[in-house]
S.K.: 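Please read through the structure below; I'll follow up with questions.
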Amino acid sequence: MEIRARAPGKIILAGEHAVVHGSSAVAAAIDLYTQSSLHLPPSGEDGAGVVEVDLTDSCLAFSWPCSRLLEALGETCRKAELQAPRPCSPEELAAIAKLVELHEIPEAKIWLSAGLSAFLYLYTSILGCRPGKVVVSSGLPMGAGLGSSAAFSVSLSGALLTAAGVVCAEGVVGGTEWQLLGKDHLELVNTWAFQGEKIIHGKPSGIDNAVSTFGSMIKFKKGELTNLKSGNPVKMLITDTRVGRNTKALVAGVSERASRHPDAMASVFHAVNTISEELSSIVELAATDEISMTSKEEKLAELMEMNQGLLQCMGVSHSSIETVLRSTLKYNLVSKLTGAGGGGCVLTLIPTLLEKVTTELESHGFRCFKVEVGGQGLQTHRG
């Protein structure tokens, strides 16, 4: 049996960093996906066979004998209560870390350790120690602020829960082989994926996995999610600067700046909140003709430009980001960083002139993606 699930990446249109300090943020799914394909042999006794994961984009594969998993995890390697995911305990996480350490991960890819830990937790919690193989592939750059880890956790959870028989498709994505899950089943996938995200990131906000699961656009503030309905398609050019960054250090840097300049930074966060609230209202407006569409795009561009200026005030821009801003400004296009900043990816709102600006950016060695914002969330396929 083969079960496939794919989950989209995400962008933050407004509010990154400020959301940590109580401001609103607006995030959206994009049509770049991570896919998890689960292959299961006929059921056998726990302890027989192996559990494998093949990370095709990293050209790495890992496996663990089911007997070794049972020995290391004991009763935690039995199927959990699937309708009520339990957090991974410190003891279980330590045991899983030892299992990951059995493999020699290249130093340049040591960041994979957290993802492998999340994999083992989700697999053994949902399917126990049943042998199987998961093949993971992705159109998302890793560690670039596009929610690649969340897309991994969501697609993996979707495939595993489908195999366990607790979620099933209720609709078809028009013109494709992919199927959609119902709201209740998506809620369950999202809850499991969030447990995987916690293993990878420690204390994630939950925005990334929610957008990857449900798709579309959301507004997030102080733990509350509000679904947004885009009145018109929004197209973005995403430029991957290929500059790595440390998200935790950047978040901490903003907090330190807020401690040194509390009044000034409070004003910055308040301004970002206002921008996010206005942007969320504008995206839901339906432009019915060319004039109103141009007006809508101009307002979105102005808000993005203001948000980028405030992100510069927070100290999270980077020379590579500024190069993208200058390059796109030549064509009267507005850009802003998305995610943590310090490198990573940059959004450009695209009304026209896509080919010229893409050529300019790629001449600097950057990687560009043209995406449609606010698309479908998790999709599955049983073959």
S.K.: So, are Glu360 and Lys330 salt-bridged, with charged N and O less than 4.0 Å apart?
M.R.: yes
S.K.: Would you sort out whether Glu92 and Arg86 count as a salt bridge (charged side-chain N to carboxylate O under 4.0 Å, His left out), showing the intermediate values?
M.R.: CA-CA 11 Å; Glu92 184 179 2; Arg86 54 173 176 75; 2.8 Å; yes
S.K.: Within a strict 4.5 Å, meaning less than it, do heavy atoms of the Val20 and Val254 side chains meet?
M.R.: no
S.K.: Please check this pair: side chain of Arg130 against backbone of Pro42, looking for a donor-acceptor N/O pair closer than 3.5 Å.
M.R.: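 Flag not set: sc Arg130 to bb Pro42 has no pair under 3.5 Å.
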S.K.: Just checking, is any N or O donor in the side chain of Thr241 or His318 under 3.5 Å from an acceptor N or O on the other one?
M.R.: no
S.K.: Quick one: does any side-chain atom of Ser230 pair with a main-chain N or O of Asn232 as donor and acceptor, under 3.5 Å?
M.R.: yes
S.K.: Between Ser320 and Val243 (side chain of the first, backbone of the second, donor and acceptor by atom type, cut-off under 3.5 Å), is there such a pair?
M.R.: no
S.K.: Does Trp64 use its side chain to pair, donor to acceptor, with the backbone of Leu99 at less than 3.5 Å?
M.R.: yes
S.K.: Counting only heavy atoms from other residues, nucleotides and ligands, does the tally under 6.0 Å from NZ of Lys296 exceed 12?
M.R.: yes
S.K.: Would a distance-only check, ignoring hydrogens and angles, find a side-chain to backbone donor-acceptor pair under 3.5 Å from Lys10 to Gly145?
M.R.: yes
S.K.: Side chains of Ser335 and Thr348 only: does a donor on one sit below 3.5 Å from an acceptor on the other?
M.R.: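 Thr348 and Ser335 do have a side-chain donor-acceptor pair below 3.5 Å.
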S.K.: Checking the side chain of Glu16 only, and the main-chain atoms of Gly339 only, is there a donor and an acceptor separated by less than 3.5 Å?
M.R.: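 Answer holds: yes.
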S.K.: Would you call Arg326 and Glu322 a salt bridge, taking side-chain N to carboxylate O under 4.0 Å as the test?
M.R.: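 Not counted as a salt bridge, because no side-chain N and carboxylate O are separated by less than 4.0 Å.
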S.K.: Only one of Lys183, Gln179, His185 clears side chain to side chain contact (heavy atoms under 4.5 Å, CB included) with Leu181; which?
M.R.: His185
S.K.: Does any non-hydrogen side-chain atom of Ser317 lie less than 4.5 Å from one of Gln308?
M.R.: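 Heavy-atom side-chain distance check passes, below 4.5 Å.
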S.K.: Are Lys219 and Glu277 within salt-bridge range, i.e. N to O under 4.0 Å?
M.R.: yes
S.K.: Donor-acceptor check, side chain of Glu197 to backbone of Pro204, threshold 3.5 angstrom: yes or no?
M.R.: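 Looks like no, no N/O pair under 3.5 Å.
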S.K.: Among Ser155, Ser138, Ser153, which residue meets the side chain to side chain donor-acceptor pair (under 3.5 Å) test with Thr34?
M.R.: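 It is Ser138, the one option of Ser155, Ser138, Ser153 that forms the side chain to side chain donor-acceptor pair (under 3.5 Å) with Thr34.
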S.K.: Please confirm whether the backbone N or O of Gly132 pairs with a side-chain atom of His39, one donor and one acceptor, at under 3.5 Å?
M.R.: no
S.K.: Verify side-chain hydrogen bond (donor to acceptor under 3.5 Å, both in side chains) between Ser37 and Gln35, making sure each step is shown before the conclusion.
M.R.: CA-CA 7 Å; Ser37 299; Gln35 178 174 303; 3.3 Å; yes
S.K.: Would you check if the side chain of Tyr123 reaches a backbone N or O of Ala118 as a donor-acceptor pair within less than 3.5 Å?
M.R.: no
S.K.: Pairing donors with acceptors under 3.5 angstrom, does anything connect the side chains of Glu297 and Ser295?
M.R.: no
S.K.: Tell me, do Leu156 and Phe152 make a side-chain contact under 4.5 Å, heavy atoms counted?
M.R.: yes
S.K.: Determine whether the side chains of Ser292 and Asp289 contain a donor N or O and an acceptor N or O closer than 3.5 Å.
M.R.: yes
S.K.: Does the Trp192 side chain pair with the main chain of Leu82, one donor and one acceptor, at a distance under 3.5 Å?
M.R.: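 The answer is yes, because a donor-acceptor pair under 3.5 Å joins these two groups.
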